[in-house]
Amino acid sequence: MPELPEVETVRRQLAERVTGRAITGLEVRDEKFSSPATPEELAAEVVGRRIVAVGRRGKYLLMRLDSGDDFVVHLRMTGRLHWSAGGPAGDERFVRAVIGLDDGGTLTFSDMRRFGRGWIVPAEPDPEAYWAGRVGVEPLDPGFTPVVLAGLLRGRRGPVKAVLLNQALVAGLGNIYADEALFAAGVHPERSAGDLDRHEVARLHEAIVDRLKVAVEAGGSSIDSYRDSLGNYGSMQDRLRVHLHRGDPCPRCGDTVVKTRVAQRGTYWCPTCQVNR
DNA sequence: CGCGCAACCTGTCTGC
DNA sequence: TGCAGACAGGTTGCGC
């Protein structure tokens with residue numbers, strides 16, 4: 001499922017290919033894509049506009065338009081944004097929207113489960129107010145430090161994994177990289193967030209940054225449906241240490257990786273390396 | 001405010 | 001073999 005590394009991979013590819021292009025058409029094939037706005041309302045904001053930059057906030061992909069507005073796309077679980085030099089691409093059954101570009105290229109949004117959306121965050125009056133309640137610190141920005149992480153964990157009694165999944169606190173971690181970061185840090189996913197000592201917080205901070213950086217370099221994890229914007233697989237799925245590895249030996253100690261439910265999510269961890277003290 | 005949980009979807013897996 | 005139900009998980013919204 002697309003998390004920060006997958007969205008960042010798509011962002012980099014699109015930045016190279018669509019920056020400077022004008023949007024010549026928006027064909028919405030599934031009205032859920034633009035909802036609650038109508039397809040006509042969304043098209044009115046994007047058609048004729050030029051894409052001046054491609055950015056990212058957590059798992060949100062942002063195409064900055066020359067109007068100053070952001071055309072935001074969220075892939076949710078099974079969304080794909082596919083760029084092609086010619087016409088629409090991707091699995092015809094699941095194509096939800098087709099964006100035409102002035103060089104003849106096409107961005108095709110497909111999404112089996114129909115959770116993904118595209119919408120406008122207007123430049124006025126205050127886009128930051130829109131993001132403030134949704135996305136927290138960017139874990140690959142210099143502003144993400146052990147002290148900042150400690151502040152986010154402080155006073156919270158819920159499981160530390162729930163904090164990592166909360167986009168309003170740390171932006172971009174999902175179920176895959178939360179599991180991987182907790183394993184790399186040697187922290188049990190159900191540890192009460194506020195109970196971590198400063199050494200554990202430091203290890204967790206380092207693990208989050210490291211796992212995300214490695215995953216970005218690997219082009220993300222292609223589990224189930226994820227492909228990048230050129231239709232290629234990532235390779236991080238081959239380097240996951242515990243996620244999806246129930247029953248396999250822990251790569252560190254050899255004990256058996258287990259799967260339980262934490263924060264309403266399937267959670268993979270090592271009972272020896274991640275002790276809930 | 002913090003936390004848990006249902007809902008949104010549909011293809012695939014699991015168990016009887 | 002077939003079919004019902006569980007499962008997958010990012011985000012929103014509601015209830016306590």
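Order of the sequence lines sets the chain letters (A, B, ...), proteins ahead of strands, with each chain counted from 1.
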Quiz item: Side chain of A:Tyr60: nearest nucleotide among C:dT11, C:dG9, B:dG11?
Solution: C:dT11

Exercise. Determine the interatomic distance between P on B:dC5 and the same-named atom on C:dC7; round to the nearest Å.
Key: 14 Å

Exercise. Could you pick out which residue, A:Phe94 or A:Met77, lies toward the 5' side of DNA chain B when each is mapped onto its nearest nucleotide?
Key: A:Met77

Quiz item: Taking only N and O in the side chain of A:His74, is any of them less than 4.0 Å away from OP1 or OP2 of C:dG10?
Solution: no

Quiz item: How would you label the contact of A:Arg261 with the nucleic acid (heavy atoms, under 4.0 Å): base, sugar-phosphate, or nothing?
Solution: sugar-phosphate

Exercise. Would you indicate what A:Gly266 reaches in the nucleic acid, counting non-hydrogen atoms under 4.0 angstrom: base, sugar-phosphate, or nothing?
Key: sugar-phosphate

Quiz item: Nearest to the side chain of A:Arg76 - B:dC3, B:dG4, C:dT11?
Solution: C:dT11

Quiz item: Donor-acceptor pair under 3.5 Å: do we get one between A:Arg113's side chain and the base of B:dC9?
Solution: yes

Quiz item: Considering only the P atoms, how many Å lie between C:dT11 and B:dG11, rounded to the nearest integer?
Solution: 22 Å

Exercise. Flag the pair A:Tyr268 / A:His243 as yes when their ring centroid distance falls below 6.0 Å, and as no otherwise.
Key: yes

Quiz prompt | Proximity to the side chain of A:Lys32 - top-ranked nucleotide from B:dC5, B:dC8, C:dG10 | solution = B:dC8

Practice problem: Assert yes or no for the condition that the ring centre distance of A:Tyr60 to A:Trp131 is strictly below 6.0 Å. | Solution: yes

Quiz item: With respect to the side chain of A:Gln264, which nucleotide from B:dC5, C:dT12, C:dT11 is positioned closest?
Solution: B:dC5

Exercise. Establish, for the pair A:Arg252 and A:Phe183, whether the NZ or CZ atom is under 6.0 angstrom from the six-membered ring centre and no further than 45 degrees off its axis.
Key: yes

Practice problem: Provide the distance between the two C1' atoms, one in B:dT10 and one in C:dG13, to the nearest whole Å. | Solution: 22 Å

Practice problem: Using the ring of A:Phe94 (Phe, Tyr or Trp, six-membered ring only), decide whether A:Arg96 places NZ or CZ under 6.0 Å from its centre and within 45 degrees of its axis. | Solution: no

